[in-house]
Amino acid sequence: FVLLALILLGRLFYIQVASDKYFLDANNNALKKQFIYPARGVIVDRNGKVLAQNQPTYDLMVTPNEVKPFDTLSLCRIIGIDMTEFREKFRKAKVYSRYQASIFQKLLSVETYATLQERMANYKGFDVQKRTIRYYPDSISGQLLGYIKEVNQREIEKYQGYYRPGDYIGKSGLEKQYEVDLRGQKGIKRILYNVHNVAQGSYAEGRFDSLAVAGEQLTTTIDVELQKLGEQLLANKLGSIVAIEPNTGEILAFVSSPGYDPNKMVGRETGKNYQQISSNPYRPLFVRPIKGRYSPGSAFKPLDALIALQDGVIDPNTTFNCPGYYQAGNRRFKCEHVDGNIALRKGIARSCNTYFWTIFAKMMVKKGLKSQNQHKAYDEWQEKVRKFGIGDTLGIDFPGESAYKLFTADDYTKRYSKYWGYTTILSVGIGQGEVTTTPLQMANIMAIIANRGYYVKPHLVKGIGNDKHIDNKYKEKHYVGIDAKYFEPVIDGMQDAVNTSIGTATESRIPGVLMCGKTGTVQNVHGKNHSVFIGFAPRENPKIAIAVIVENGGYGGAYAAPIASFITEKYLTDSLKGRRINGATVEQYKADNLLPVLKDKLPAKLKLKVDSSKVDTTKQKAPIKPVPAKQLNKNAILPRKNATAK
């Protein structure tokens, strides 16, 4: 008896003093946690205008073990479901837990909640949980802002239990990128229950409860007026607009077209709307500014000129003759126009292919004509191109940025054997062939030129919370290794491209603003060429750098250049005027429809790909063999057959 008494006393001591397991188990039986959901952080533009805010909604919760017989039909009528759906929802709730509350019907309207509250006493075991959902006042920037949706199991595990089934999380865009900042912190209220499972009020007079903490406000770099204008100008078109403040890297406009209304991704119709949006053949969910794959075309020429100047291959006065074609051995490749003797400034303004083929060839043979020497020269060249942000991601604060490959010499050797030469890859010298970029990268190149040699990582958030803090990496300057003095002659050519009669970008002129730019006409093997424009303004102390791509828009001056000028004019002058050259108004550009005809609308024999932004235009049916060195004259180059650009 003494031994048994000692064992029992020891066990009681362990249970009551040494271990807290049973205390916790008892508390778990007597206490229930009620979560209080915080308001999600508001998203505003750079001037404080609201882009995303909250509105109240309610979830009907159920604890199956507490449910007593009641009039199920009356509840079904109030929340808008039938008996079949009621039974299925109740079954799922019991599978989840008989003793813990789970969502029975989510996203009840304020009106439904008011009706329900009057009769809640009739529905034992049911309760209402308040939360907020998103509302987007201007119904713009769907891809930019993103959307929120219920968490899945993988996300619950990733965030170590912060989320519970039925909780919401950012699934795309800024909502996803800044989820931890936007979501806030849940509050917890501990309710004490007696042995009959009847609530007795807050445990310990609420000393262990915590209040919900609202999410941080997100101040974006976006100018909402520019964003609206950009989306209007690209209505019924495939394309992208990216505008950057050069000296800060802040993105002023981030337009992807076609887009979607973010309010369609909120509420009880989200699933249905998502299916409609995702099945749209024009791909509204595809974020073109960071995923669109485009050859830069002639928009690449200023970059190539800067590298040639830094290498000492040319100077601003180096002159070449353009007879309207380029001759390499017995092969002749036609240029867009006859320019005669032409130097750098006019070469950029006129977008002379012959001039840029020539300087590319000179850079490739500066170590000698032997293949191995050309390969070394090419590798040096492509490493310098990479410093401008091509061939890798830029590190924007946005999920899903793509980086398209920039070929190395080894890549070409695998494709063409070890005997390839610069004549085989000539098209890269004018931004075609294996050079592919995103619109964000193109705009960033313009920011580099506007800054005369450096860039700050492009970013979409100006500040988080009241103190508006951001990651320090979005404040650092990244230099590209080109001396500042070499930018002026290149900028001279870009100025002339816009502001003189010989230029290819005259449609982008702005009264009273000295804009510098470059058009590009990028080949599209699936239809009409893509219209491209890159530029910045004003020339001195630039405030905006911009890249515009309009798929199937034709030559660069047709759509991209005037659209870029409207965006720039709006930002710098807060006004919009008609174009002086062609007399078109901003309303006409908004109204034009350039969407390609869908496949099912074409005759059976015709095939047309809707979205060519991800097509690899670099692949050839067969490589062009290099011309032997002895057949080449001093400046001769053999272009690839498809390497035309304006």
Side-chain angles (χ1 to χ4, degrees), residues 242-251 290 295-316 344 348 356 359-360 362-364 366 377-396 401 403-408 428-431 434-459 472-495 516-518 520 534-537 539-547:
V242 178
I244 300 175
E245 186 177 69
N247 66 328
T248 64
E250 294 177 0
I251 297 175
I290 60 166
S295 294
S298 291
F300 184 77
K301 291 174 181 175
L303 187 157
D304 216 16
L306 287 167
I307 295 174
L309 288 166
Q310 183 69 33
D311 280 358
V313 171
I314 61 169
D315 63 44
L344 177 62
I348 292 175
F356 286 93
I359 66 172
F360 181 72
K362 281 183 167 292
M363 286 189 284
M364 294 302 102
K366 66 182 181 181
Y378 173 78
D379 264 341
E380 288 182 5
W381 177 85
Q382 61 92 14
E383 285 296 335
K384 291 169 184 173
V385 171
R386 289 180 189 277
K387 290 183 179 180
F388 284 79
I390 295 176
D392 197 359
T393 57
L394 287 168
I396 185 177
E401 182 187 5
Y404 296 111
K405 186 175 181 178
L406 178 63
F407 274 42
T408 64
V428 302
I430 57 170
E434 291 76 23
V435 179
T436 50
T437 55
T438 63
L440 176 67
Q441 289 172 328
M442 292 188 199
N444 191 60
I445 290 169
M446 282 297 97
I448 292 169
I449 296 176
N451 290 332
R452 276 68 169 176
Y454 73 88
Y455 69 94
V456 178
K457 283 182 179 292
H459 52 285
N472 285 330
K473 68 181 179 182
Y474 297 118
K475 300 177 183 179
E476 299 171 3
K477 293 181 179 180
H478 300 265
Y479 290 88
V480 297
I482 304 292
D483 294 344
K485 64 182 179 180
Y486 294 125
F487 286 88
E488 296 308 321
V490 171
I491 293 172
D492 286 340
M494 295 175 65
Q495 176 182 316
C516 304
K518 188 76 188 68
I534 58 174
F536 65 88
R539 173 169 177 154
E540 303 303 326
N541 192 23
K543 296 290 190 292
I544 182 172
I546 190 167

Option passing side-chain contact (heavy atoms from CB on, under 4.5 Å) with I445 (candidates V385, I390, L306): I390

Spatial distance of atom [atom1] ([X]) from atom [atom2] ([Y]) [nearest 0.5 Å]:
X	Y	atom1	atom2	answer
T436	L406	OG1	CG	8.0 Å
I449	M494	CD1	CE	5.0 Å
T408	Y378	OG1	OH	7.0 Å
K518	M446	NZ	CE	10.0 Å
L440	I290	CG	CD1	8.0 Å
I482	L303	CD1	CG	8.0 Å

Just wondering, do [Y] and [X] contact through their side chains at under 4.5 Å, heavy atoms?
X	Y	result
E245	K543	no
Q382	R386	yes
V242	N444	no

Quick check against the 3.5 Å criterion: does [X] have a side-chain atom that pairs as donor or acceptor with the backbone of [Y]?
X	Y	value
K457	L394	yes
E401	T393	no
E434	V428	no

Under the 6.0 Å and 45° cation-pi test, does K405 pair with F407? yes

Taking ring-ring contact (aromatic ring centres under 6.0 Å, His included) as the definition, give me every residue that meets it alongside F536, ordered by chain and number, with sequence neighbours left out. none

Of all the heavy-atom pairs spanning [X] and [Y], show the shortest one and how long it is.
X	Y	answer
M363	A377	O-CB, 3.5 Å
K477	V456	CG-CG2, 4.3 Å
D483	Q310	N-OE1, 2.9 Å
I359	I314	CG2-CG2, 3.7 Å
G389	Q441	O-NE2, 2.9 Å
Y474	G395	OH-O, 2.9 Å

Test F300 against F356 for side chain to side chain contact (heavy atoms under 4.5 Å, CB included), laying out the working first. CA-CA 10 Å; F300 184 77; F356 286 93; over 6 Å; no

If the plane angle is over 60° it's perpendicular, under 30° parallel, otherwise tilted; pick one for H478 and Y455. parallel

Would you give me the side-chain donor-acceptor pairs under 3.5 Å for residues 485-492, sequence neighbours excluded?
residue	atom	partner	partner atom	Å
E488	OE1	R539	NH2	2.9
E488	OE2	R452	NE	3.1
D492	OD1	R539	NH1	2.8
D492	OD1	R539	NH2	2.8

